Structures are given as structure tokens and as C-alpha cells.
Amino acid sequence: MDFELTDDQKAIQEGIAGLLHRFDDRYWMTRDRDHEFPTEFYEAVAGGGWLGITVPEEYGGHGLGITEASLLLEAVARSGGGMNAASSIHMSIFGMHPVAVHGSEELKRRTLPRIATGDLHVCFGVTEPGAGLDTTSITTFAERDGDDGYVVNGRKVWISKALESEKILLLTRTTKIDQVARKTDGMTLFLTDLDRKRIDIRPIPKMGRNAVSSNELFIDDLRIPVEDRVGEEGEGFRYLLDGLNPERMLIAAEALGIGRVALDRAVEYAKERVVFDRPIGMNQGVQFPLADSLARLDAAELMLRKATWLYDHGRPCGREANTAKYLCADAGFAAADRALQTHGGMGYSEEYPVARYFREARLMKIAPISQEMILNYLGSHTLGMPRSY
């Protein structure tokens, strides 16, 4: 097995690092405190051509794989930007996968080049208050309106970046759940305008990652032209499934990046902070938890690298993708928690960035899928035990 990164992959790490140093912890602390979207960061990443990393070359992108995208997002999170930085560009890096794979040629040419240049902000509209992780139970409904479009009514929740977005990748039902043979049938995906006249966007106050908003959407008679439909009517859930494994991997990479930067900050502080005439890092009670986090982050990274390699080589990777998300989220949060503990009382203040890392790392054990649902998958699909839901 070859664990060496290619020259191109090393170039990605080096190239993005040269850009990221311009956005330090103070920049992210300010954006998070003021609930202000990191426009300067987004524009810098877009200007460097990084947003098109997975967009096919014929649509203005680089056409690279999930391994390269994961290295990019890990570096972004590890720079100190954490989930604020990663979430501001996440949809552009990979969120358009269903469109790139299943969209019409006209829809691809109309949207993907704009994604690659950073000109188009898109949010992802799947989750609903009454459905949660049970996506098949969504009730937002797209009713056919003649031959040329649909009228949509419903409600979405936890929609990141809706305030900044021009378009929404929207999952709806086009056939009600009690009228389909399988509950995964009858769901349709659209990439359409986020029409403020028909969609009421309400920000959700939350614990962290406040530079990128999370929102509740109330959709009232939104008209969508048939040209904005992704693929065939009724096949939307299948299109989403195509992107679940790489989505797990990219989230894992972001969690890994947060864990790495939290550990870096903790080690720096442990070397410099002197109590009882000795650096606190000399004490095994401080040193051992940090060393343990290093080992756990390294192990999680290996699973992530295996998962992305399998995906990029067209091999089955469900077990590895889910395991990588589980391990990286767990190791990343543990590292952030230990970093805060290492800082003692100052870790609880906003003077040091570890409190922000802690808040953002905690999110990774919930979103976009909880640790418990990952274990459900591994228990039933890998171990073959009876399904619990």
C-alpha cells in the first residue's frame, strides 16, 4: 500500500496553505462573533480557482477526486477557520455532485461554470422539522403545473448559507408517501432560484459556527420551471444516495482539520504556560491526553485516506466512508475538548480560539448525520444485524 501523496496532492496542500495564512484566528473570531459571512475568505478561495476542484473540466473545473477535495477542506479547517471556513465553501466544493452527475446538459452548463468561479452561491434544502434524519418522511411537495413547471409548498430547516445563496438544491415529494410502492420513491430534486418573494428565510440562533447562518425556510407557492429539475421526476432520493459516501468523507476531513488545529494550539500553550515553576506540558496529566489525541487523529486519518482512495477508484466504500466520519468526528471533538482543558480557565474565554474550536467540533458529531446513525449503518449493513429503524 502506498501512503505517499502525489505531487499534485502535495501542491494542493501547499497552494491552499499560502492563501489561508491571510485569515488568522482573529479574523474568524470576529466573523463568528458578528455573525458575518466570511466574504473576503470566500472570494480569495474562489479567486484561486479552488472552488472548481471537483467540477468536471468541461464545465470550467479541475475534475479532481474526493481525495483532493478532502485534503483541501481538511487544510481549510486546520488553518483555524474550522467549520465557519469549511461550511462557507462546502457546497461549492462538492454539493453540486447530483447536478454534475444527473442534471441535464443545459442545467450543467447554466450552473457548474458559475460554481467553479465562485459566482454562484447555493444552499442545500433537504432536512425538515417533522422528518429529521428520516428523509423519506419529508412533506414539502412539488405539484405539477402543466407541462412547464411545478408549484412547491413546504418547510425546511437547518439550511446553511440560505441568506447568501442565489439558488437552492431542493428535495421535494412529487408523489405522496402513501401512494408509492417504496418510501424512497416519488421524491424529486431541483436546482432553482431562492425566490425571496416565495421563501421566507429565518436564521436560527445557535451555539457556534455563526459566520455561516443556519436557517428555517417557509416555502409558499414557489414556482419552479421544469428545466430546473435534476434528472427524472421521482428519482431524487436515489440521486442523493450517490453523494452520501463522499459527503461523509468531506465532513470527516473537516472534523480532522479542527482536531489537528486544536491539538496544535494545546501543545503550544502546554509548552509556554508555566505553573509551579515548570511548563504544564511536562505533567503527564496534561501530556498524555494530548498524545492520545494525536494517536486517535492519526488513526482516523488513515481510515479517511482509505475511504477516499476507494471512492476515487470506483470501489465500494460505504463501510469505510461511515467509519471515517465516525472516527474523525469523535477524535476531532476529543482533541478540541482536551485543548480547552489544557488551557484551563483561559480555554473558556474568547481570548484563545479553542473555545470556538470546541463549539464547532461538537457539531461534527451531529451533522450531517449523527454518530448513532453511523452505528446503525455499520450494525445492520456491515455486521448484518437486524435493522433498528
Side-chain angles (χ1 to χ4, degrees), residues 91 95-104 106-108 110-111 120-204 213-244 247 367-370 373 389:
M91 272 295 290
M96 297 293 283
H97 176 76
V99 177
V101 176
H102 301 288
S104 67
E106 186 274 336
L107 184 61
K108 292 176 186 178
R110 179 156 47 95
T111 57
L120 179 62
H121 286 275
V122 179
C123 61
F124 201 13
V126 174
T127 307
E128 296 185 6
L133 291 171
D134 183 8
T135 302
T136 60
S137 294
I138 66 168
T139 58
T140 294
F141 197 79
E143 184 174 359
R144 196 64 187 253
D145 183 27
D147 295 330
D148 60 351
Y150 299 80
V151 177
V152 179
N153 288 277
R155 187 177 169 192
K156 296 291 181 180
V157 72
W158 293 114
I159 310 306
S160 297
K161 250 180 79 168
L163 290 176
E164 293 78 25
S165 293
E166 176 185 336
K167 291 185 179 290
I168 181 170
L169 191 59
L170 181 65
L171 185 67
T172 71
R173 277 213 163 271
T174 42
T175 305
K176 293 184 177 179
I177 194 169
D178 59 359
Q179 297 173 359
V180 295
R182 298 177 303 173
K183 61 182 181 179
T184 55
D185 294 339
M187 304 172 75
T188 302
L189 193 62
F190 299 94
L191 176 62
T192 195
D193 291 340
L194 194 64
D195 184 355
R196 267 67 172 177
K197 295 179 182 178
R198 296 296 178 184
I199 302 178
D200 182 18
I201 304 173
R202 303 180 187 177
I204 300 171
S213 64
S214 299
N215 305 275
E216 194 165 9
L217 274 53
F218 297 83
I219 306 170
D220 185 18
D221 287 341
L222 174 68
R223 306 190 75 83
I224 300 180
V226 70
E227 293 80 11
D228 286 356
R229 189 181 68 208
V230 178
E232 298 299 319
E233 183 177 301
E235 297 294 326
F237 189 79
R238 180 171 65 86
Y239 300 156
L240 282 185
L241 289 181
D242 285 349
L244 286 185
E247 175 74 2
I369 187 170
S370 69
M373 287 300 289
Y389 62 97

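Side chains included, hydrogens not; waters and symmetry mates left out as well; all remaining heavy atoms used. One-based numbering along the sequence shown. No experiment lies behind these values; they were computed from the predicted model shown.
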Search all heavy atoms of [X] against all heavy atoms of [Y] and return the closest pair with its distance.
X      : Y      : result
Ser165 : Cys123 : OG-N, 3.3 Å
Ile159 : Gly125 : CD1-CA, 3.8 Å
Ala162 : Ile201 : O-CD1, 3.8 Å
Leu133 : Ile369 : CD2-CA, 4.2 Å
Leu107 : Asp228 : CD2-O, 4.4 Å
Gly103 : Lys108 : O-CE, 3.1 Å

Exercise. Over 60° means perpendicular and under 30° means parallel, so classify the ring planes of His102 and Tyr239, tilted if in between.
Key: parallel
Let me confirm one number: the [atom1]-[atom2] distance from [X] to [Y], rounded to the nearest 0.5 Å.
X      : Y      : atom1 : atom2 : value
Leu189 : Met187 : CG    : CE    : 9.5 Å
Lys167 : Thr111 : NZ    : OG1   : 7.5 Å
Asp193 : Leu222 : CG    : CG    : 8.5 Å
Asp242 : Glu247 : CG    : CD    : 13.0 Å
Arg155 : Asp200 : CZ    : CG    : 11.0 Å

Would you indicate whether the side-chain heavy atoms of [Y] and [X] approach each other to under 4.5 Å?
X      : Y      : answer
Pro203 : Glu216 : no
Ile219 : Leu170 : yes
Met96  : Phe124 : no
Trp158 : Val126 : no
Val122 : Ile168 : no

Output yes when a side-chain donor or acceptor of [X] lies under 3.5 Å from a complementary backbone atom of [Y], and no otherwise.
X      : Y      : value
Thr172 : Thr188 : yes
Arg144 : Gly146 : yes
Arg196 : Leu194 : yes
Asp195 : Lys197 : yes
Asn153 : Asp221 : yes
Arg173 : Thr136 : yes
Thr175 : Val180 : no

Practice problem: May I have the step-by-step check of side chain to side chain contact (heavy atoms under 4.5 Å, CB included) for Val151 and Ile224, ending in yes or no? | Solution: CA-CA 6 Å; Val151 177; Ile224 300 180; over 6 Å; no
Does [X] pair with [Y] as a salt bridge, N-O distance under 4.0 Å?
X      : Y      : result
Glu227 : Arg110 : no
Asp185 : Lys183 : no
Glu128 : Lys156 : yes
Arg238 : Glu235 : yes

Practice problem: Would you please test Asp147 and Val226 for side chain to side chain contact (heavy atoms under 4.5 Å, CB included) and show each step? | Solution: CA-CA 8 Å; Asp147 295 330; Val226 70; over 6 Å; no
Practice problem: Report the C-alpha distance between Met373 and Tyr389 in whole Å, list the side-chain angles of each, state the deciding distance to 0.1 Å, and finish with yes or no for side chain to side chain contact (heavy atoms under 4.5 Å, CB included). | Solution: CA-CA 10 Å; Met373 287 300 289; Tyr389 62 97; 4.0 Å; yes
Practice problem: Step through the shown structure and confirm whether more than 12 heavy atoms of other residues, nucleotides or ligands are within 6.0 Å of CD on Glu143. | Solution: no
Practice problem: Assess Arg229 against Phe190: is NZ or CZ under 6.0 Å from the centre of the six-membered ring, and within 45 degrees of the ring's axis? | Solution: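 So Arg229 doesn't make the cation-pi contact.
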Self-check item: Evaluation steps, side chain to side chain contact (heavy atoms under 4.5 Å, CB included), between Ile204 and Val157
Solution: CA-CA 9 Å; Ile204 300 171; Val157 72; 3.9 Å; yes
Quiz item: Between Ile177, Thr127, Leu171, which is the residue that forms a side-chain contact (heavy atoms from CB on, under 4.5 Å) with Ile138?
Solution: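 Only one of Ile177, Thr127, Leu171 forms a side-chain contact (heavy atoms from CB on, under 4.5 Å) with Ile138, namely Leu171.
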